[in-house]
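The next block holds one structure in the form of structure tokens; read it before the comments.
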Amino acid sequence: MMLARAIHFDESDMNIFHSPARTGEWCISGGFEFSNWSEADLTGKARQAFSNGWLGVETFGRVSVVAVTQLEPAEFETLKTALATHFVEIYGAPSLEAASSVAEEELRHMAELCDDQAPNTLLTVSRELTEAGVKESFRMIEPRDAGLDQFAIHGSLDEDG
């Protein structure tokens, strides 16, 4: 299964979002956060999060660009639990069991966006408020077009590596 991780090309996300996602954390669209928003809510950094922010499923911060990569089955379960817990703690879901199916649906939606994409494909999201609610659209930037090798750092995190 494929999913997407937060990627930063520069420091701009640190300045435009109230809470930026951590580089490398798994992300979903997170459009549910804006389901009851109106134009009055769309100011400053909140507008930026609404307009083009993916939601990190570890810090629950936002990021502008994500990159498609392989997700292991055990990671899916961990993310589902984290997202279900978020739904209980932040949105008042009645139980982890009730929230778990919604969390799985959100993760599967993101996996559907990613599954037909090559690894390292970059994704952006844009949102707008409509009479029917929040409308999301997605843009895919293929790895050969993205020049990801210009930004990706390969190697070990160990000081000796």
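If you're wondering where the values come from, they're calculated on a predicted model, not measured in any experiment.
Side-chain atoms of N15 and E11 form no donor-acceptor pair, as typed in the model, at a separation below 3.5 Å. Side chains of E136 and S126: a donor-acceptor N/O pair is absent below 3.5 angstrom, by distance only.
At least one donor-acceptor pair under 3.5 Å links the side chain of E25 to the backbone N or O of R22. Not a single donor-acceptor pair under 3.5 Å links the side chain of W26 to the backbone N or O of A6. T81 places a side-chain N or O within donor-acceptor distance of the main-chain N or O of E77, the cut-off being under 3.5 Å. Distance alone, capped at 3.5 Å, is enough to place a donor-acceptor pair between the T78 side chain and the A74 backbone. R127 places a side-chain N or O within 3.5 Å of a backbone atom of G53 that can act as its donor or acceptor partner.
Hydrophobic clustering, defined by side-chain heavy atoms of Ile, Leu, Val, Met, Phe, Trp and Tyr closer than 4.5 Å, groups F50 together with F34, W37, L42, L129, V134.
Ion pairing between a basic and an acidic side chain is recognised when a charged N comes within 4.0 Å of a carboxylate O; E75 and R5 show such pairing. We find that R62 and E33 are joined by a salt bridge, their nearest charged nitrogen and carboxylate oxygen being less than 4.0 Å apart.
Evaluation of the salt bridge (charged side-chain N to carboxylate O under 4.0 Å, His left out) test over residues 107-117, restricted to residues two or more places apart or in two chains, returns E104-R108.
Within the 4.5 Å cutoff, the side chain of M140 has no heavy atoms near those of the L122 side chain.
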